[in-house]
Chemist: 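Before anything else, here's the structure in question.
Labels below follow one simple rule: chain letters A, B, ... track the order of the sequence lines, proteins then strands, and each chain is numbered from 1.
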Number of protein chains: 2
Amino acid sequence: MARLDTTRCNLTAFRKATRRVSQLYDELLAPSGLRGTQRAILVHVARSQSSTIGELAAALVLDRTALTHNLKPLQRDGLVTVAADKDDRRSKRVRLTKRGESKLAESQDAWRQAQDRFEAAFGARQAAELRQTLELVAALEFGEPMPAAPPG
Amino acid sequence: MARLDTTRCNLTAFRKATRRVSQLYDELLAPSGLRGTQRAILVHVARSQSSTIGELAAALVLDRTALTHNLKPLQRDGLVTVAADKDDRRSKRVRLTKRGESKLAESQDAWRQAQDRFEAAFGARQAAELRQTLELVAALEFGEPMPAAPPG
DNA sequence: TCCATATATGTGTATATGCACCTATTGCCA
DNA sequence: TGGCAATAGGTGCATATACACATATATGGA
C-alpha cells in the first residue's frame, strides 16, 4: 500500500528540511549581503588558508563546476581571489581577501542568531546530534548496484 | 575556541547532506528524464488530485514563486496542466496529465533503486527515523527574536 | 624528445530557489 | 455601489547546482 507515499522519499525529506533551514539562515544573513552557501564557502577558505577548486568542492560536497559558478559573485565582490598555483599551473588557489575576512566577521552575529534561533526551536543537543548524522550522510559511499553475476 | 568551526553550522550540514543524496537520486532518475524535485512535485500533485499553487508550495516547503518556475518545464513537457479555478479565478489548479501519470510510473523503479541504495548504505530503520526528524525540521516555526522588553 | 593519457578547471545550458515588484480577482464596507 | 484592502499568482533577476563538452597543463613511457 501507499506506493506513492511521499513521506517515504528520503530525498524529498532532505530537500524540504534544507529549504526550511535555508530560509531561516538566508533571512538573517541577508543584511550582511551573504547567502548561507557563500558564507560556508568563505568559512572553508578561511580555515584552509588556500585550497584548490577541487579540494574546496570536495570539502563542501559540491560539484566542482558548481563551485566555480558560486565563486564568481565572491570574486566580483572582492571577497576571494582565484589564482593559478605556481607549482602546478593546472590548479588554482582560492584565497580570502581582507575584504572577505571583514565580510565574514561582519556576518558573524547574524549567523549566530540563526544558529540560536534554530537551536531554540529544535534543541541544541538534538541539533548537535543531527549535524553529526548529516555529516555522516554527506560522506556516504553508495556503491554501484549489484551486478547480476559477480566475477569468480 | 573554534568560532568559525564549520562543523557547527547547521545549514552547512543540511546542504552537504542534501547535495549528496540529490546526487544519488538524480543519477538514478536521469534515464527517466525526471529530476528528484520534479518527481516530488508530480507525486504531490498525484496525491492531491488538484491543488492550487499555494497549497502545493506549502506542502513542498517551497517558495510559491519557486514552484511557479519549477512547474514550467513540467508544463512544457505535458506532464501537468495549470488552469484557473472556475470558482475563484485568482487561484490556479495543478493537475497531472495522462503523460504525467505514465512518466511517474516509468520512474518508479529508478526511485525504488535510489531508496534501496540509500538505505543499504545508511540503514533502513535509521532512514525512517531520519525522515521523521527531517519532516519535523521542515515544519519548525522559528519565532521572531526575543524583543528587548516583553509587553506587560 | 614527443605524444598519449591523466589531471585540473572553465563554459554553456537547464533546472532549483527565493526576493522585489507587478497584475488580477475577490471581499468587504462606507 | 464604488473603491480599497486582502488574496493568489506571475516576472525578472540573482544565486545554487550539476552535466556535457572543451581547454590547459603535467606526466610518463616509447
Side-chain angles (χ1 to χ4, degrees), chain A residues 11-12 14-31 33-42 51-58 60-77 79 82-94, chain B residues 11-12 14-31 33-42 51-58 60-77 79 82-94:
Chain A
L11 174 59
T12 302
F14 272 100
R15 278 189 180 279
K16 286 185 186 179
T18 296
R19 284 188 205 115
R20 188 77 193 88
V21 178
S22 291
Q23 285 158 10
L24 171 66
Y25 279 72
D26 283 342
E27 174 193 340
L28 291 178
L29 281 175
L34 284 180
R35 306 287 191 82
T37 298
Q38 296 181 324
R39 205 187 115 87
I41 292 175
L42 295 186
S51 38
T52 66
I53 301 283
E55 289 166 357
L56 201 50
L60 289 161
V61 193
L62 183 61
D63 184 90
R64 177 184 59 75
T65 67
L67 176 59
T68 295
H69 288 308
N70 290 350
L71 284 173
K72 287 293 168 60
L74 299 178
Q75 291 177 264
R76 181 200 58 203
D77 298 342
L79 306 182
V82 180
D85 184 300
K86 64 177 184 305
D87 294 325
D88 184 341
R89 298 174 60 82
R90 290 172 304 184
S91 299
K92 295 197 174 177
R93 296 280 166 185
V94 186
Chain B
L11 175 58
T12 302
F14 272 100
R15 277 190 180 279
K16 286 185 186 179
T18 297
R19 284 187 206 115
R20 188 76 193 90
V21 177
S22 291
Q23 285 158 10
L24 170 67
Y25 279 71
D26 283 343
E27 175 194 340
L28 292 178
L29 281 174
L34 285 180
R35 307 287 192 81
T37 297
Q38 296 180 323
R39 208 191 112 89
I41 293 175
L42 295 187
S51 38
T52 67
I53 301 283
E55 289 165 358
L56 201 50
L60 288 161
V61 193
L62 183 62
D63 184 90
R64 176 182 60 75
T65 68
L67 176 58
T68 296
H69 289 310
N70 291 349
L71 283 173
K72 286 293 167 60
L74 299 178
Q75 290 177 263
R76 181 200 58 204
D77 297 343
L79 306 181
V82 180
D85 184 301
K86 65 176 183 305
D87 294 326
D88 184 342
R89 297 173 60 81
R90 289 174 303 185
S91 299
K92 295 196 175 177
R93 296 280 166 186
V94 185

Chemist: To the nearest angstrom, how far is A:Ile53 atom CD1 from C:dT11 atom P?
Modeler: 11 Å
Chemist: Just the rounded figure in Å: distance from P of D:dT7 to CD of B:Glu55.
Modeler: 15 Å
Chemist: Regarding A:Arg15, tell me which of base, sugar-phosphate or nothing describes its non-hydrogen contacts under 4.0 Å with the strands shown.
Modeler: sugar-phosphate
Chemist: Here's a test of your reading of the structure: between B:Ser91 and A:Ile41, which maps to the more 5' nucleotide of DNA chain D?
Modeler: B:Ser91
Chemist: How long is the span from the CZ atom in A:Arg20 to the OG1 atom in A:Thr18, to the nearest 0.5 Å?
Modeler: 12.5 Å
Chemist: In this structure, which one of B:Leu60, B:Val94, B:Leu34, B:Leu79 forms a side chain to side chain contact (heavy atoms under 4.5 Å, CB included) with B:Ile41?
Modeler: B:Leu60
Chemist: Can you tell which of C:dT9, D:dA14, D:dC19 lies closest to the side chain of A:Asp63?
Modeler: D:dC19
Chemist: Which part of the nucleic acid, if any, lies within contact of B:Arg93, taking any heavy atom under 4.0 Å across all strands shown: a base, the sugar-phosphate backbone alone, or nothing?
Modeler: nothing
Chemist: Just the rounded figure in Å: distance from C1' of C:dT15 to CG of B:Asp26.
Modeler: 10 Å
Chemist: Closest-nucleotide mapping onto DNA chain C: is A:Arg19 or A:Thr52 further toward the 5' terminus? I mean the 5' end.
Modeler: A:Thr52
Chemist: When the distance from NZ of A:Lys92 to C1' of D:dT23 is rounded to whole Å, what number comes out?
Modeler: 11 Å
Chemist: Considering only heavy atoms and no angle criterion, is a donor-acceptor pair shorter than 3.5 Å present between the side chain of A:Arg64 and the base of C:dG10?
Modeler: yes
Chemist: How close or far is atom P of D:dT15 from atom CZ of A:Arg39, stated in whole angstroms?
Modeler: 19 Å
Chemist: Measure CG/A:Leu11 against P/D:dA18 and give the value in whole Å, please.
Modeler: 12 Å
Chemist: Have a look at B:Ser22 and say if it touches a base, only the backbone sugar-phosphate, or nothing, with a 4.0 Å heavy-atom cut-off.
Modeler: nothing
Chemist: To the nearest 0.5 angstrom, please state how far the OG1 atom of A:Thr68 sits from the CD atom of A:Gln75.
Modeler: 9.0 Å
Chemist: Kindly compute the distance separating CG (A:Leu62) from NZ (B:Lys16), expressed to the nearest 0.5 Å.
Modeler: 10.5 Å
Chemist: Going from CG on B:Leu56 to CZ on B:Arg64, what distance comes out if it is rounded to the nearest 0.5 angstrom?
Modeler: 13.0 Å
Chemist: State which residues pass side chain to side chain donor-acceptor pair (under 3.5 Å) with B:Arg19; sequence neighbours excluded, sorted by chain then number.
Modeler: none
Chemist: Is the phosphate of D:dA18, meaning OP1 or OP2, less than 4.0 Å from a side-chain N or O of B:Gln23?
Modeler: yes
Chemist: Kindly indicate whether the side chain of B:Leu74, heavy atoms from C-beta on, has any atom under 4.5 Å from the side chain of B:Asn70.
Modeler: no
Chemist: Compare all side-chain heavy atoms of B:Asp85 with those of B:Thr52 and state whether any distance is below 4.5 angstrom.
Modeler: no
Chemist: Rounded to the nearest 0.5 Å, what separation is found between the CZ atom of A:Arg76 and the CG atom of A:Leu71?
Modeler: 12.5 Å
Chemist: Atom CG of A:Asp85 to atom P of C:dT9: distance rounded to whole Å?
Modeler: 9 Å
Chemist: Do any N or O atoms of the protein come closer than 3.5 Å to N or O atoms of nucleotides 24-27 of chain C, and which pairs are they?
Modeler:
{"unit_1": "C:dT26", "atom_1": "OP1", "unit_2": "B:Arg89", "atom_2": "N", "d": "3.3"}
{"unit_1": "C:dT26", "atom_1": "O4'", "unit_2": "B:Arg90", "atom_2": "NE", "d": "3.3"}
{"unit_1": "C:dT26", "atom_1": "O4'", "unit_2": "B:Arg90", "atom_2": "NH1", "d": "3.4"}

Chemist: Using a 4.0 Å cut-off on heavy atoms, which residues in residues 65-74 of chain B reach DNA chain D? List them by number, or say none.
Modeler: B:Thr65, B:Thr68, B:His69, B:Lys72
Chemist: In whole angstrom, what separates A:Gln38's CD from C:dC19's C1'?
Modeler: 14 Å
Chemist: Between CZ of A:Arg39 and CG of A:Leu29, what distance do you get to the nearest 0.5 Å?
Modeler: 6.5 Å
